[in-house]
Amino acid sequence: MLSQVDQIATACAELVPGSITGPRRTPWNTIDLEVVTPENVRVIMTAARPYDPASAEAQSLRDELGIEGPSA
């Protein structure tokens, strides 16, 4: 869930400092958090952001991919 991303990032950073990258916004309207475990496993956690038809991401989907999302 989007509301949990910051909590996960904080917990992972406390347990293993330097183990996270992000959270970061993606062009496909998500927030991604990358965590590298002590075993060197790379885990990407993805949370959807609410769709905003007026956003730059929605415009990019329309212009570059021809995808029309739902209207507001």
Side-chain angles (χ1 to χ4, degrees):
M1 265 179 94
L2 185 58
S3 63
Q4 296 174 316
V5 172
D6 288 334
Q7 295 169 339
I8 294 168
T10 299
C12 291
E14 287 175 1
L15 287 171
V16 182
S19 65
I20 65 165
T21 302
R24 64 176 178 256
R25 291 178 70 151
T26 67
W28 43 91
N29 212 35
T30 65
I31 297 290
D32 286 2
L33 175 66
E34 178 180 335
V35 180
V36 178
T37 70
E39 298 81 18
N40 208 30
V41 174
R42 183 174 158 244
V43 179
I44 307 293
M45 295 176 208
T46 300
R49 291 192 351 245
Y51 180 76
D52 176 6
S55 69
E57 293 85 0
Q59 187 65 45
S60 176
L61 287 173
R62 285 189 294 274
D63 293 347
E64 296 176 25
L65 301 174
I67 297 173
E68 286 293 332
S71 59

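Bear in mind the structure is a predicted one, so any value in this text is a computation, not a measurement.
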- Item | Worked check of side-chain contact (heavy atoms from CB on, under 4.5 Å) between Arg25 and Ile31 | CA-CA 5 Å; Arg25 291 178 70 151; Ile31 297 290; 3.5 Å; yes
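The distance from the CG atom of Leu61 to the CD atom of Glu68 is 9.5 Å, given to the nearest 0.5 Å. To the nearest 0.5 angstrom, Thr30 atom OG1 is 10.0 Å from Ile44 atom CD1. A distance of 8.5 Å separates CD in Glu57 from CG in Asp52, rounded to the nearest 0.5 Å.
Under the side-chain hydrogen bond (donor to acceptor under 3.5 Å, both in side chains) criterion, Asn40 pairs with no residue at all, not counting sequence neighbours.
Nearest heavy-atom pair, Asn29 versus Pro50, reported as atom, atom and distance to 0.1 Å: ND2-O, 3.4 Å. Tyr51 and Ala58 get closest at one heavy-atom pair: OH-CB, 3.6 Å.
At a threshold of 4.5 Å between side-chain heavy atoms, the hydrophobic network of Ile, Leu, Val, Met, Phe, Trp and Tyr places Val35 and Val41 in one connected group.
In this structure, Arg24 contributes its side chain and Glu34 its backbone to no donor-acceptor pair below 3.5 Å.
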Name every donor-acceptor pair, under 3.5 Å, that has one atom in a side chain of residues 5-21 and the other anywhere in the protein, sequence neighbours excluded.
unit_1	atom_1	unit_2	atom_2	d
Thr10	OG1	Asp6	O	3.0
Ser19	OG	Cys12	O	3.4
Ser19	OG	Val16	O	2.7

